[in-house]
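Worksheet: the structure to be examined is printed underneath.
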2 protein chains.
Amino acid sequence: MIGPMETRASSTSTGKCEDCPIRHRAVCAHCEAEELAQLEAIKFYRSFEAGQHILWEGDRMDFVASVVSGVVALTRTLEDGRTQMTGLLLASDFLGRPGRENAPCHATAATDVTLCCFRRQPFDRLMQSTPHLSHRLLEMTLDELDAAREWMLLLGRKTARERIASFIAMIARRQGGLRGAGPLHLDLPLTREAMGDYLGLTIETVSRQVGALRRDGVIVLDGLRGVTVPDPARLLAECGDERRPARQ
Amino acid sequence: MIGPMETRASSTSTGKCEDCPIRHRAVCAHCEAEELAQLEAIKFYRSFEAGQHILWEGDRMDFVASVVSGVVALTRTLEDGRTQMTGLLLASDFLGRPGRENAPCHATAATDVTLCCFRRQPFDRLMQSTPHLSHRLLEMTLDELDAAREWMLLLGRKTARERIASFIAMIARRQGGLRGAGPLHLDLPLTREAMGDYLGLTIETVSRQVGALRRDGVIVLDGLRGVTVPDPARLLAECGDERRPARQ
DNA sequence: CGTAGTCTTGAACCGCGTCAAGCTTGGTGG
DNA sequence: CCACCAAGCTTGACGCGGTTCAAGACTACG
C-alpha cells in the first residue's frame with residue numbers, strides 16, 4: 001500500500017489566504033481579516049504524493065490541516081489486515097482533531113495532495129478565542145457526521161451494485177455536476193482497490209459491478225478513471241436511496 | 001414498528017439541573033451557574049414509551065435534547081424498507097442538530113426514554129453567546145464521529161459473529177464495566193430486531209450468532225436481555241478488533 | 001519488446017439472507 | 001388456575017450474492 005518512498009513530504013512555503021481556492025469553504029470560511037492574519041501566522045503548506053502516509057493511527061498529531069487539493073483517505077484496519085475506509089477528504093475538508101493528542105485513524109494521500117497545515121497547539125488556542133473558527137468547525141463536523149451516517153446505511157444495507165452507483169453519484173455531486181439532467185463527466189479519484197476499501201467490497205466485486213453498470217448503459221467508461229453519465233436520473237435510480245416515507 | 005398508540009409523548013415539568021444525573025457529562029457539562037440558569041429557562045422534559053417515534057426524517061425540529069435516561073435509536077431507511085440504525089444515544093448523549101432546520105434521520109425510543117429538551121431557537125442563540133456550550137457540543141460531536149467510523153469498520157468488514165461480540169462489548173463499556181478482568185453482567189437495551197438494524201444483519205443471523213457465542217461459553221444468557229460475560233478478555237478477542245499495526 | 005502494476009474475468013465456495021415452521025414468554029379473560 | 005393469543009425469539013433447509021483463488025488482459029514505462 002505504501003510506495004517505495006517512505007513517509008516523506010515536501011514543504012512548500014507561503015501563499016496568501018486571500019487568493020486561496022478554498023478560502024470560503026474551509027475552516028477559515030467565516031474568519032475576518034484579523035483572524036485570518038492570526039491563522040496565516042501559524043500555517044504552512046505540505047505536499048504528499050499519491051500513496052504516501054500522512055498520519056498513522058495512534059500517532060501524536062502535531063498539526064491539523066485543510067485539504068487544499070487532492071484526496072485524503074482515512075482508513076481503519078482489523079488485526080488480520082481487513083481494511084475499511086472511514087472517510088474521504090476532498091478540497092476544503094478538515095483533517096485532524098483539535099483537542100485530541102492522537103490520530104483516530106490512518107490518513108493516506110489517495111492522489112497527490114496539498115495540505116494547509118496549522119500547528120496544533122496554537123490552533124487549539126486560536127479556537128478558544130475565535131468563535132468564527134470553532135463555529136465553522138462544528139458545522140463541518142456535523143456535516144461529516146451526516147456523511148458518515150449515510151455511509152453506514154450503504155455499508156449495512158446496500159447491494160454491491162447500489163454501492164458503486166452511490167459512490168459515482170457522490171463523486172459527481174462533489175465535483176460540482178449532478179443537478180441538471182444533462183450528460184455529465186467525472187473522474188474517479190480512487191483506484192479499484194481504494195474503492196473496495198471505501199465501499200466494503202473486494203476489488204473483484206468492484207470491477208464486476210462497474211462492468212455491469214457499463215454494460216447496462218448507466219455509465220460510459222473513458223479509460224480506467226474517466227466516467228461519463230449519459231442520464232444522471234438513471235444513475236440516481238440505481239442507488240436504492242431513500243425517498244421520504246409516507247407517515248404511518 | 002410503531003405501537004398502536006401514535007407519537008404521543010407525555011410532558012413532565014421541572015427537575016433541578018443541580019440534581020441531574022447527567023449534569024457532568026451532557027452538553028451542559030462545562031456550564032457555570034449563570035449559564036445553567038439560562039438553559040434551565042428554556043428546558044422542559046418529555047417522556048416516550050419504548051417504540052414511540054420521537055422525530056421523523058426530514059421533520060422540522062423545534063427542539064434539541066439531552067437523553068436523561070433510556071435509549072434512543074437513530075435510523076435511516078431505503079425506499080424498499082431496508083433499515084439501518086446509524087446511531088444509538090444513551091444517557092447524556094445529545095439529540096438534534098443546532099443550526100439545522102430538519103432532522104437528518106428518524107429517532108425512535110428503543111426503551112422508555114426521558115429527554116431534557118431545549119427549544120431550538122433560544123438554544124441556537126445561547127450557543128452563540130456561550131463558548132462552554134458550543135465547545136462541549138463540538139467535543140461530543142467529534143466523539144460521535146469517531147464512534148460512527150468505528151461502526152463503519154464493523155459494517156464494512158466484520159463477520160456476523162464479530163459484530164455481535166463487538167456490540168456486547170460496546171454495551172459493556174458504556175454500562176461502566178469492562179475494565180477489570182472479572183466476570184461482568186449487562187442488559188441488552190435492544191430487541192433482536194433492533195440489534196439486527198444496528199449491526200447490518202437479519203434478525204435470524206443475530207439470533208444464531210448470539211446462540212453460537214452462548215454455546216461456545218463466551219457469554220451466558222439470563223433471559224432474553226440479560227448477558228453475563230465470564231471472561232471479558234475472551235469477549236474482546238472475539239471482536240476481531242485492531243491492534244496497532246507494526247509501522248512498515 | 002519486456003516487465004510491473006492495475007484491472008478484468010472465470011469457476012468454485014461459503015456466509016448470510018430468505019422462507020417457513022416451531023418455541024417461549026407474558027398478558028388477558030374465562 | 002388454565003386456555004388462549006400475540007409478540008418476540010429460535011431453529012432448520014435452501015439459495016444467492018459476494019468472496020476467494022487463479023488466470024489472463026490491458027496500460028504505462030523502460
Side-chain angles (χ1 to χ4, degrees), chain A residues 1-5 49-51 78 80-84 110-111 154-167 187-216 219 221-227 238 240, chain B residues 1-5 49-51 78 80-84 110-111 154-167 187-216 219 221-227 238 240:
Chain A
M1 182 151 242
I2 189 173
M5 36 186 43
E49 289 174 22
L78 296 176
D80 58 5
R82 283 172 287 173
T83 294
Q84 177 64 49
T111 64
L154 177 145
L155 291 172
R157 297 303 188 188
K158 286 191 182 180
T159 66
R161 183 184 173 98
E162 288 168 341
R163 294 182 198 202
I164 300 291
S166 301
F167 176 72
D187 286 294
L188 300 177
L190 301 181
T191 64
R192 298 291 189 260
E193 179 176 16
M195 285 177 62
D197 286 345
Y198 198 19
L199 299 170
L201 299 171
T202 59
I203 184 172
E204 294 94 333
T205 301
V206 171
S207 184
R208 275 187 259 267
Q209 297 299 335
V210 169
L213 289 176
R214 181 182 53 70
R215 270 190 299 283
D216 296 346
I219 58 176
L221 297 184
D222 170 24
L224 287 173
R225 298 299 188 89
V227 174
E238 292 283 354
Chain B
M1 183 151 242
I2 190 173
M5 38 186 40
E49 290 174 21
L78 296 177
D80 58 5
R82 284 172 287 172
T83 293
Q84 175 65 47
T111 64
L154 178 145
L155 292 172
R157 296 303 189 188
K158 287 190 181 181
T159 65
R161 183 182 173 97
E162 289 168 339
R163 294 183 199 201
I164 300 291
S166 300
F167 177 73
D187 287 293
L188 300 177
L190 299 182
T191 65
R192 298 289 189 261
E193 180 177 13
M195 284 177 62
D197 286 345
Y198 198 17
L199 299 170
L201 299 171
T202 60
I203 184 173
E204 294 95 332
T205 301
V206 171
S207 184
R208 274 187 258 266
Q209 297 300 334
V210 169
L213 288 176
R214 182 182 52 69
R215 269 189 298 283
D216 296 347
I219 57 177
L221 297 184
D222 171 23
L224 287 172
R225 299 298 189 87
V227 174
E238 292 283 353

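Order of the sequence lines fixes the chain letters, A, B, ..., with proteins taken first and strands second; residue numbering starts at 1 for each chain. The structure displayed is predicted, hence computed values, not measured ones.
Minimum interatomic distance between Arg161(B) and Ala212(B) (heavy atoms only, all atoms of both residues): NH1-CB, 3.9 Å.
Per the geometry, CD belonging to Glu162(B) stands 14 Å off C1' belonging to dC16(C), to the nearest Å. Atom pair Ile203(B):CD1 and dG17(C):C1' shows a separation of 13 Å (rounding to whole Å applied). In this entry the distance linking CZ of Arg225(A) with P of dT8(C) reads 11 Å, nearest Å. One can place CG of Leu190(B) at 13 Å from P of dG8(D), the figure rounded to the nearest angstrom. For the pair Leu199(B) CG and dC16(C) C1', the computed distance is 14 Å after rounding to whole Å. The separation between Asp80(B) atom CG and dG17(C) atom C1' is 14 Å, rounded to whole Å. Distance, Leu221(A) CG to dT8(C) C1': 12 Å, rounded to whole Å. What separates CG of Leu213(A) from P of dC7(C) is a distance of 17 Å, to the nearest Å.
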Protein heavy-atom contacts under 4.0 Å, written 5' to 3' over nucleotides 16-30 of chain D as B (base), S (sugar-phosphate only) or - (none), form the string --SBBB---------

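Annotation: side chain of Arg192(B) is in contact with side chain of Val210(B) (closest heavy-atom distance under 4.5 Å).
Remark: the backbone N or O of Ile219(A) is not paired with any side-chain donor or acceptor of Arg214(A) at under 3.5 angstrom. The backbone N or O of Glu238(A) sits nowhere less than 3.5 Å from a side-chain atom of Glu162(A) that would complete a donor-acceptor pair. A donor-acceptor distance shorter than 3.5 angstrom exists from the side chain of Arg163(A) to the backbone of Leu199(A), with no hydrogens or angles considered. Panel note: side chain Thr83(B), backbone Gly81(B); a donor-acceptor pair is recorded below 3.5 Å.
Using a 4.0 Å heavy-atom criterion, one finds that Thr191(B) contacts the sugar-phosphate atoms exclusively.
With distances taken from any side-chain atom of Ser207(A) to the nucleotides dT11(D), dT10(D), dT9(C), the minimum falls on dT9(C).
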